[in-house]
Undergrad: 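My structure is below; once you've seen it, I'll send some questions.
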Amino acid sequence: MATYQEMSVIESAARAQQAFEEEVHGEKMVINMGPQHPSTHGVFRMVLELDGEEITNCWPEVGYLHRGDEKIAENMTYTQFIPYTDRLDYLAPLANNVAYAYAVEKLMGIDVPLRCKYIRVICAELARISSHLLGIGAMSMDIGAMTVFLYTFREREYIYDLCELICGARLTTSYTRIGGLANDMPAEFVPMCRKFIDNLPKTIDEVDKLLTRNKIFIERNKDIAVLSREDAINYGATGPILRGSGVEHDVRKANPYGGYENFQFDIPTGTVGDCMDRYLVRMEEIRQSIRIVKQALDNLPGGPWNAPEAKIVLPEKQAVLTKMEELIHHFINVTQGINAPVGEVYFGAENPKGELGFYIVSKGGGVPHRLKIRAPSFVNLQLVPLLCKGHMMSDTVAILGSIDFVMGECDR
């Protein structure tokens, strides 16, 4: 019969053996991916629980880039906040400018001229093309297709040249104004833009050949991170992620704004809702944006490019220097801001990442009382735990690339 001490030793050895077996055969490991990992597309951290290489749980961590844009907006005039919108989705600053301007104009009850609407459409669609080119290029590079990244970046440089032509800046554009634009489109923009739009399909076709039928690319994306139609709706997903799951919803069609009702374009959708479908939707959206820009260039109207309301748009510089009334008007608008009516509005625009919305509460005066930004990247990132569970750790780079988020608008 074993003594008490012998029983204690035997039990300790059994516990040690059990612990060893759990460590070898079943114990889970928790690791960090990010916030400095190149495949997290910004300062984004994921805490992964792994059973071997399989992800059993995932906790996304945001807030490493937080800048307080919404509170900044409540301490400056409506016009002064325009440059801050460039820093939201900094891959599509022109589209951010347009969405914010329409939100303030809805509050003010302003309807901008048709020429302004068409120029804004061109700007927004060029921003969509630029963003999708980067999204596809970065996703393919994460998986190992370096050549595609070089092709897409080359085309984005042409878009930056167009941005520089219309506003003098390449990245932080600040081109749109409340009630119009900073300046009219220069004459040389149209032929330069038309040349780019005519040549771009060749590159898109080349990217299509390199990726869509590539065996490695297909295996890394097909049936990976399948998002059902129901889950996409319940989680509030928008943009290519929602359409990749088969939901034919696009704000430009569902709630037309800014003249989009005058354009013919299709809404691409997926059938499975996996990473491959989300990639294919973005590829087709580039082609549809090309189609929209061509229509806008062909039918670009003349006339004014700023709203006629004298107290909204700043007067011309020459008038400010020579006339007292214009000088006073300029001084009040710059120092106090546009006098907005009391009320609250929400405006949502179809941005490259999804629906970008601005909710503004006004108590009158030139500064918003409250401003809330519905950032599509922030909403879409809540899908990460759902999409990652059950997949290999190596699949996370494809999953994050298919979400195509940007932390600038997530950590607003």
Side-chain angles (χ1 to χ4, degrees), residues 12-66 135-146 149 211 214-228 230-232 234-237 240-242 244-245 270 272-279 353 376-407 410-411:
S12 297
R15 284 196 297 268
Q17 179 64 27
Q18 181 181 0
F20 174 77
E21 290 176 355
E22 288 177 352
E23 181 178 353
V24 173
H25 300 293
E27 186 178 84
K28 295 176 182 178
M29 179 170 57
V30 177
I31 67 168
N32 286 305
M33 182 175 178
Q36 284 85 26
H37 196 283
S39 294
T40 56
H41 297 248
V43 278
F44 172 59
R45 174 189 177 213
M46 290 193 301
V47 181
L48 301 176
E49 182 186 73
L50 301 176
D51 184 359
E53 282 288 316
E54 183 180 342
I55 300 171
T56 56
N57 214 335
C58 171
W59 298 274
E61 291 280 349
V62 301
Y64 292 90
L65 195 66
H66 189 60
I136 293 169
M139 177 186 180
S140 61
M141 185 175 65
D142 290 343
I143 296 173
M146 181 69 182
F149 180 78
L211 293 181
N214 185 303
K215 182 176 177 61
I216 298 174
F217 187 81
I218 293 173
E219 290 182 353
R220 292 297 303 273
N221 291 282
K222 192 68 176 174
D223 296 326
I224 300 296
V226 175
L227 178 65
S228 69
E230 292 74 21
D231 283 339
N234 291 338
Y235 275 79
I241 297 179
L242 178 65
S245 297
V272 179
D274 56 5
C275 291
M276 194 69 182
D277 269 355
R278 292 189 278 274
Y279 151 76
K353 306 292 190 293
S377 291
F378 180 75
V379 178
N380 292 340
L381 272 180
Q382 66 184 322
L383 291 164
V384 169
L386 175 68
L387 298 180
C388 285
K389 286 179 185 177
H391 290 292
M392 299 292 111
M393 184 180 174
S394 59
D395 292 327
T396 56
V397 294
I399 295 170
L400 294 180
S402 74
I403 296 176
D404 188 27
F405 57 92
V406 62
M407 295 308 296
C410 180
D411 290 344

Undergrad: Evaluate Met392 against Glu54 for side-chain contact (heavy atoms from CB on, under 4.5 Å), listing each step before the verdict.
TA: CA-CA 4 Å; Met392 299 292 111; Glu54 183 180 342; 3.7 Å; yes
Undergrad: Donor-acceptor pairs under 3.5 angstrom involving side-chain atoms of residues 139-146: please list them, not counting sequence neighbours.
TA:
| residue | atom | partner | partner atom | Å |
| --- | --- | --- | --- | --- |
| Ser140 | OG | Ile136 | O | 3.0 |
| Ser140 | OG | Gly137 | O | 2.8 |
| Asp142 | OD2 | His41 | NE2 | 2.9 |

Undergrad: Would you find a donor on one side and an acceptor on the other, under 3.5 Å apart, between the side chain of Asp51 and the backbone of Thr56?
TA: no
Undergrad: Side chains of Pro35 and Tyr64: does their closest heavy-atom pair fall under 4.5 Å?
TA: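 They are in contact (side-chain heavy atoms under 4.5 Å apart), so the answer is yes.
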Undergrad: Can you find a heavy atom in the side chain of Met276 that is under 4.5 Å from one in the side chain of Phe217?
TA: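 Met276 vs Phe217: side chains touch.
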Undergrad: Please report the C-alpha distance between Cys58 and Val384 in whole Å, then the side-chain angles of each, then the deciding distance to 0.1 Å, and finally whether the side-chain contact (heavy atoms from CB on, under 4.5 Å) criterion is met.
TA: CA-CA 8 Å; Cys58 171; Val384 169; 3.7 Å; yes
Undergrad: Evaluate side chain to side chain donor-acceptor pair (under 3.5 Å) for Asp231 paired with Ser228, printing each intermediate quantity in order.
TA: CA-CA 5 Å; Asp231 283 339; Ser228 69; 3.3 Å; yes
Undergrad: Is a donor on one side and an acceptor on the other found under 3.5 Å between the side chain of Arg45 and the backbone of Pro60?
TA: no
Undergrad: Could you state the interatomic distance from CD1 (Ile55) to SG (Cys388), rounded to the nearest 0.5 Å?
TA: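 Those atoms lie 4.5 Å apart.
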Undergrad: Checking Asp395 side chain against His391 main chain: does a donor-acceptor pair fall under 3.5 Å?
TA: no
Undergrad: Could you check if a side-chain atom of Ile399 sits within less than 4.5 angstrom of a side-chain atom of Ile224, using non-hydrogen atoms only?
TA: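 Yes, close enough: below the 4.5 Å cut-off.
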Undergrad: Enumerate the residue pairs fulfilling side-chain hydrogen bond (donor to acceptor under 3.5 Å, both in side chains) with a member in residues 214-227, sequence neighbours excluded, ordered by first and then second residue.
TA: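 Counting only pairs at least two positions apart or across chains, the side-chain hydrogen bond (donor to acceptor under 3.5 Å, both in side chains) contacts touching residues 214-227 are Lys215-Glu219.
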Undergrad: Which heavy atom of Val397 sits nearest to which heavy atom of Ser394, and what is that distance?
TA: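 Smallest interatomic distance, heavy atoms only, reads CG2-O, 3.3 Å.
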Undergrad: Working to the nearest 0.5 Å, report the span between CE of Met407 and NE2 of His66.
TA: 11.5 Å
Undergrad: Quick one: pull up CG in Leu400 and CG in Leu381 and give me the separation to the nearest 0.5 Å.
TA: 8.0 Å
Undergrad: Enter the distance from Asn380:CG to Leu383:CG here, rounded to the nearest 0.5 Å.
TA: 6.0 Å
Undergrad: So does Gly270 get a backbone contact from the side chain of Asp277, meaning a donor-acceptor N/O pair under 3.5 Å?
TA: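 No, Asp277 side chain to Gly270 backbone: no donor-acceptor pair under 3.5 Å.
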Undergrad: Please report whether the ring centroid of Phe378 lies less than 6.0 Å from that of Phe405.
TA: no
Undergrad: Decide yes or no for Lys353 and Val406: does some side-chain heavy atom of the first lie under 4.5 Å from some side-chain heavy atom of the second?
TA: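 Side chain of Lys353 against side chain of Val406, heavy atoms only: contact under 4.5 Å found.
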Undergrad: Can you tell me how far apart OH (Tyr235) and CG (Leu386) are? Round to the nearest 0.5 Å.
TA: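 One finds 4.5 Å between OH of Tyr235 and CG of Leu386.
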Undergrad: Looking at NZ of Lys28 and CG of Asn57, how far apart are the two atoms once the value is rounded to the nearest 0.5 Å?
TA: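 Answer rounded to 0.5 Å: 7.5 Å.
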Undergrad: If you define the side chain from C-beta out and look only at heavy atoms, does anything of Leu227 sit under 4.5 Å from Leu387?
TA: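 When only atoms from C-beta onward are counted, Leu387 and Leu227 do touch, with a gap below 4.5 Å.
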Undergrad: Check whether any side-chain heavy atom of Asn32 lies under 4.5 Å from a side-chain heavy atom of Met46, and answer yes or no.
TA: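 Of all side-chain heavy-atom pairs linking Met46 with Asn32, none is under 4.5 Å.
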Undergrad: Verify, without hydrogens or angle tests, whether Asp274 (side chain) and Val226 (backbone) share a donor-acceptor contact under 3.5 angstrom.
TA: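 Side chain of Asp274 to backbone of Val226: no pair is present.
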Undergrad: Has Ile218 got more than 12 heavy atoms of other residues, nucleotides or ligands less than 6.0 Å from its CD1?
TA: yes
Undergrad: Does a side-chain heavy-atom distance below 4.5 Å link Ile31 with Met393?
TA: yes
Undergrad: Report the C-alpha distance between Glu49 and Trp59 in whole Å, list the side-chain angles of each, state the deciding distance to 0.1 Å, and finish with yes or no for side-chain contact (heavy atoms from CB on, under 4.5 Å).
TA: CA-CA 9 Å; Glu49 182 186 73; Trp59 298 274; 3.9 Å; yes
